[in-house]
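For clarity, every value in this text was computed on a predicted model and none was experimentally measured. So you know, we letter chains A, B, ... as the sequences are listed, proteins then strands, and number each from 1.
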Amino acid sequence: MAVRYNPREIESKWQEKWAEDRLYEVTEDGSQPKWYALTMFPYTSGDLHIGHWYAMAPSDVHARFKRMQGYNVLHPMGFDAFGLPAENAAIKRGIHPYTWTMQNVENMRRQLKSIGAIYDWSREVITCLPEYYKWTQWFFLKLYEHDLAYRGKAPVNWCPQCRVVLANEQVIDGKCWRCDAEVVHRDLEQWLFRITRYADELKEHDGIDWPERIKIMQRNWVGRSEGADVSFSLDHPGVAEKDIRVFTTRPDTLFGVTFMVLAPEHPLVAKLTMPDRKAAIEEYIERSRRETDIERLSAEKEKDGAFTGAYVTNRVNGEKVPVWIADYVLLTYGTGAVMAVPAHDERDFAFAKKYNLPIRVVIAPPDWKGGELEQAYIEPGTMVNSAQFNGMPSEQGIKAVAEHLKKQGWGGPTVSYKLRDWLISRQRYWGAPIPMVYCDKCGIVPVLEKDLPVLLPEDAEFRPTGESPLQLNEKFVNTACPKCDGAARRETDTIDGFLCSCWYFLRYCSPHYDGGAFDPEKVKYWMPVDIYTGGAEHAVMHLFYARFFIKAIRDMGLVDFGEPFTKLFNQGIILAQRQKMSKSKGNVVTPDEYVNELGADTVRAYLMFIGPWDQGGEWDDSGIGGMSRWLNRVWNVVLDGYQARSGVALEGEKAQVDLRRFVHQTIRRVTGDMERLHFNTMISALMELTNYLLKVRESGNVAGSAWREAVDTLLLLLAPTAPHFTEELWQRTGHGYSIHNQPWPKWDEVLAREEEITLVVQVNGKLRDRLTVPASITEDEAKRLALESEKAKPHFAGKTIASVIYVQGRLVNVVVR
RNA sequence: GCCGGGGUGGCGGAAUGGCAGACGCAGCGGACUUAAAAUCCGCCGGAGUGAUCCUUGUGGGUUCGAGUCCCUCCCCCGGCACCA
C-alpha cells in the first residue's frame, strides 16, 4: 500500500510551471507590506556545494513563510563575478575569465534553480557585466567627487601568490584571505577610500538587529582608543623637523619615559641615524623588511631593535631620551612612534631589560616600597616622580597630564583608531577598471560620466607580472585627457571586488534601470533589507564596507537611510572532514546527487533539521533517509484517504477535540519557530503532527472535516520547507493552484488550550508521582491531591512537612524535614 | 593572552529556573515475505529482580527545586592579538 513519491518528476514539473506563470516575480505593490529578504550572493567559483544550500534553502523557507503571511517579498539572487579565481583559471587553463565566469554562472544558475526557491530571476544581477560595472565605476567617481577616494603612497599588504595588494581586512592571520599565502609589505601608490572618516559611526550599530559578536568584531576593527598626543622636541643637525609626535593612552606615565621607539619604516629614521650607527640600523631595517607579518607579529618573538644615536627631549621634565627603532612599533598605527615607559608597559619593559635601559617607576603600586619592579606594573596607582602631579591617582592623571600638554602647546587629548583607509586598487585584469586618467598637463582627471563604462578590453595578457595586465594593453592605456583632450594614460589597476558587493542589493530593486545605478523610487520602496543572511566570515569585510558605502552615499543625498541591513543572521558553517568546504581542499560535497536521488524538498528539510541554523556542523548524510521516509509518510497519510468509523459519536467527540487542539498547537509552535529561524524544532513539530495523524487514521475516531483541517494545515505549514511536494499534494487533494498563494494558517488560542495537564508531585524536589488533572485545577485542590498521592506519601511519612510549593499548571513540591 | 559561542544517550539534537533526553539517525526484537529490500508495530542513558538509585565537561555555591543563574578549573570552535 505504501507508495514512494517521485520527487524528480514533480519537482521539475512544478519548477517549470512556476517559471511559466512567473509566480515569484514581484512588483512594488503598495497594498501589502514589503519584505526584503536577502541572501549573500555567491561568488562564481563554479559549483554550488552543500554549504551554499545551507545558506540558501533555509532563507528561502523563511522568505516563503513571510510571503504566505501576506508580505510582498523580494528575495533576489545574483552573482559576485569579478575576482582572482577567474583570472587564475585563465592563466592555468587558457580560458578567458569572461568565458570561465559565465560558464560557471550557467551551471550555478541551474543548481540554484534546483533548490526551488522563490528567486525572482528577472532581477538577476551579475557584477562583471558592463551594464553593472558601469555603475560601480560611477560610484567610484562619486566617492572621488566627495573627497572619499584619493591616491596615496602607503606601505601595502602584498600577496606574492596572487600578485596583488590587499586591504587590511583581507589579511587574515598575516595571510591572504583568498589563497592563504603569507603577506609581505611593499610601498606603492594606490587608490584608497576614506573609510576612516566614518570610523565613529561604523563602530555604532544603533537601531539594527545584528548578532552581538559581529558588532563586537566591527567595533574592535575600528579600534577606537582615547589618549593623548605628545610632542617630544627634536634638535638634530640637518633635520628640519623640530619635534616627534607620539600617541599614548597613558599620558599619566609621561614622566617615566626613558627612551623613544620608532617603527623601522618611519621616514625620520634615515635622517636621525648617526654615522656610527648606520650599519646596524640598516641591517635591522633590512631584516624586518624581509620578515612576513607572521614572523614579525608572533607574540613569542623577543623584542629587539637598534639605537639610532639620536635623542629627543621630554618637554615635561627636560630630559634627553635616546631614540631607538624596533619592529614592535607599527608605522600604520598612531604616529609610528611611541614613548617608551618600561616601568608601566610590558613590551617596553622587555625591551629595556634586553638593552639595559633605565626603568623608572612613576605609578606606585599599592604597597610599593620604592624598590625595583619584577615586571611592568600596568594597573592604576599613585603618581610619583612626576613633579607637580605627585600624589595624584593615575586615572585622574591621564586627564590632568593631557590637559597640561594642551595648555603648554605640547600636544593634548586625542583619539586614535586601528582602522585604516580601504585600499581598493588591484593590479589585476578581472575587475572594473578604475575610471581615472593621468594627463601630463592636468594631472589626475576623472573619466566623464558620459564616457562610462570604461570597458575592460577583451584582449589582455593574463600573465601575472606583478604589474597590472592592462598596462601591457596599449590600446587601453592610451587615451585622451577628458579635460584638455591631450594625450593621456588610463589608470590600469582595477577596483577591489568588494565595491561591487557594496551596492548589489540596491541594483536588485531596479535591475534594468539605465537612468542611474538604481531607481530612487524603487530603492525607497524596498530598502533597507529586512533580513540579510550569510556567513560570518564577512564581518569586517563585506558587511563593513557595505555599511561604509551606504553611509557615504547617504551623505551625498543618494539614499535616505544609513544602515543597509536591518537584521543580520549568520548561519553556521557546514564542515567536511572538520574543515570548511573548498575546492582547493578537495572536500566539497555537492547537493546534486542527493537532489537527484531524494529530491530538493528532502535536502532542504534535512539541512534545516540537523541542528540550529546558526550552528552548522559536520556534514553527515546518514540521517537523510529518515527525512525522505517522513515525507513519504506524509504523502501516504494525505493520499490514502480517511474513513471515519461509524457509530463512534461520543468517543469520537473527545478524539476530535484532541486532534484539533494538537493541530492548533502545532500552528502556534511552527509559526513561532519560523519567526525565530528555529527550523530544526519547526520540522520536529511537523513530524509530531504526522505521527499523531497516523494514529488518528488508525482509530478513525474523528469526523472527516476535522481530518481535512488537520491535513490541509500540515500541508500549509510544510509548504515553505517542501514547496514542490506540498504543491503536488495540494493539487491532488482537490485544492486550487497554488498552495504558495495561500495565507499562512492562524491558530485559535481557545482550541489550542489544554484541558488536562500532568501535575508533577515532588518531595524535596524529587519526582515522586504524576497526576492527570483538569487544567483549571485550583491550588488547594492540587496540594490536596499531592498530599494524598499514594506514590508520594511514603516519602514524607513520619517527617514534618515544612512547606508545600505550588507552580501553576506544573507541579507541587512538598518540602519535608 | 583578550573577547565571543559551546560541552546533554552510540550519533545529530530538544528542554519560559519546574517531568532531562522531544524529533530524527543508528541499534535490537517482532509482523509481512520462499528470502531480502521497502513498509508497519514495539524496545532503546547507566546500575539493580525490585521499590529505587545514579546521570547534562569538573569542583563548589544560590534555590523548595539547577542542563538552565553565580564562582573555580578543563576541553572544543570562532574572532582579535606587540594597537602604544
Side-chain angles (χ1 to χ4, degrees), chain A residues 1-4 172-174 211-217 219-221 223-225 227 230 246-250 253 261 263 296-301 303 326-330 332-341 344-348 350-351 416-419 536-537 539-540 570 572-573 575 578 606 609-612 614-618 620-627 629-630 632-633 636 678 680-688 690-691 694 698 758-770 791 794-795 802-816:
Chain A
M1 174 135 63
V3 183
R4 290 197 78 90
I172 316 272
D173 281 339
E212 203 55 38
R213 59 194 195 101
I214 300 288
K215 292 196 281 187
I216 290 169
M217 274 193 230
R219 214 175 300 139
N220 291 342
W221 194 258
R224 181 192 157 99
S225 54
V230 190
V246 301
F247 172 75
T248 180
T249 53
R250 294 292 303 273
T253 64
V261 190
R296 190 169 158 178
L297 296 182
S298 158
E300 313 300 310
K301 201 190 143 190
K303 305 277 167 286
D327 62 11
Y328 76 86
V329 176
L330 308 173
T332 52
Y333 184 76
T335 63
V338 305
M339 59 179 226
V341 186
H344 307 295
D345 181 281
E346 282 167 15
R347 296 152 303 181
D348 298 342
F351 197 84
S416 185
Y417 298 89
K418 185 186 106 126
L419 180 67
E537 67 273 21
V540 290
N570 298 117
I573 303 168
L575 306 171
R578 294 179 61 85
Y606 183 60
F609 184 64
I610 53 180
D614 57 2
Q615 208 171 289
E618 182 76 18
D620 173 6
D621 64 9
S622 66
I624 198 167
M627 190 53 64
R629 274 201 288 276
W630 170 54
N632 275 299
R633 273 203 302 277
N636 286 304
H678 290 185
N680 56 332
T681 48
M682 173 211 51
I683 290 177
S684 299
L686 294 177
M687 287 174 166
E688 286 178 59
T690 310
N691 294 343
L694 287 164
E698 196 92 346
T758 303
L759 184 73
V760 165
V761 181
Q762 293 182 341
V763 178
N764 286 347
K766 286 209 158 119
L767 176 78
R768 293 304 173 193
D769 199 6
R770 294 187 177 107
K791 284 187 182 159
H795 296 279
S803 70
V804 181
I805 290 166
Y806 174 66
V807 180
Q808 166 86 51
R810 289 200 183 269
L811 59 77
V812 175
N813 186 14
V814 183
V815 185
V816 299

Engineer: Suppose we screen for side-chain contact (heavy atoms from CB on, under 4.5 Å). Which residues come up paired with Lys215(A), at least two apart in sequence or across chains?
Structural biologist: His205(A), Trp210(A), Glu212(A), Arg219(A)
Engineer: Excluding sequence neighbours, so at least two apart, what forms side-chain contact (heavy atoms from CB on, under 4.5 Å) with Glu698(A)?
Structural biologist: none
Engineer: Please table the atom pairs, donor to acceptor, closer than 3.5 Å between any side-chain atom in residues 802-811 of chain A and protein atoms at least two apart or in another chain.
Structural biologist:
none

Engineer: Can you name the residues that form a side-chain contact (heavy atoms from CB on, under 4.5 Å) with Asn220(A), not counting sequence neighbours?
Structural biologist: Ile216(A)
Engineer: For RNA chain B, whose closest nucleotide is more 5', that of Ile216(A) or that of Thr335(A)?
Structural biologist: Ile216(A)
Engineer: With a cut-off of less than 4.0 Å, is there a side-chain N or O of Ser416(A) near OP1 or OP2 of rA84(B)?
Structural biologist: no
Engineer: Which letters describe nucleotides 12-24 of chain B, given B = protein heavy atom under 4.0 Å from base, S = only from sugar-phosphate, - = neither?
Structural biologist: BSS-B-BB--BBS
Engineer: Checking Arg213(A) now: which residues fulfil side chain to side chain donor-acceptor pair (under 3.5 Å) with it, not counting sequence neighbours?
Structural biologist: none
Engineer: Which is true for Arg768(A) with a 4.0 Å heavy-atom rule: it touches a base, it touches only sugar-phosphate, or it touches nothing?
Structural biologist: sugar-phosphate
Engineer: For RNA chain B, what are the stems built from at least three Watson-Crick or G-U pairs in a row, each pair having both distances below 3.5 Å?
Structural biologist: B:1-7 with B:74-80, B:10-12 with B:23-25, B:27-31 with B:39-43, B:45-47 with B:52-54, B:59-61 with B:69-71
Engineer: When rounded to the nearest Å, what value does the distance between C1' atoms of rC3(B) and rG65(B) take?
Structural biologist: 34 Å
Engineer: Tell me every residue that passes side chain to side chain donor-acceptor pair (under 3.5 Å) with Asp348(A), counting only those two or more places apart in sequence or in another chain.
Structural biologist: Tyr328(A)
Engineer: List the residues meeting side-chain contact (heavy atoms from CB on, under 4.5 Å) with Glu618(A), not counting sequence neighbours, and say none if there are none.
Structural biologist: Leu575(A), Arg578(A)
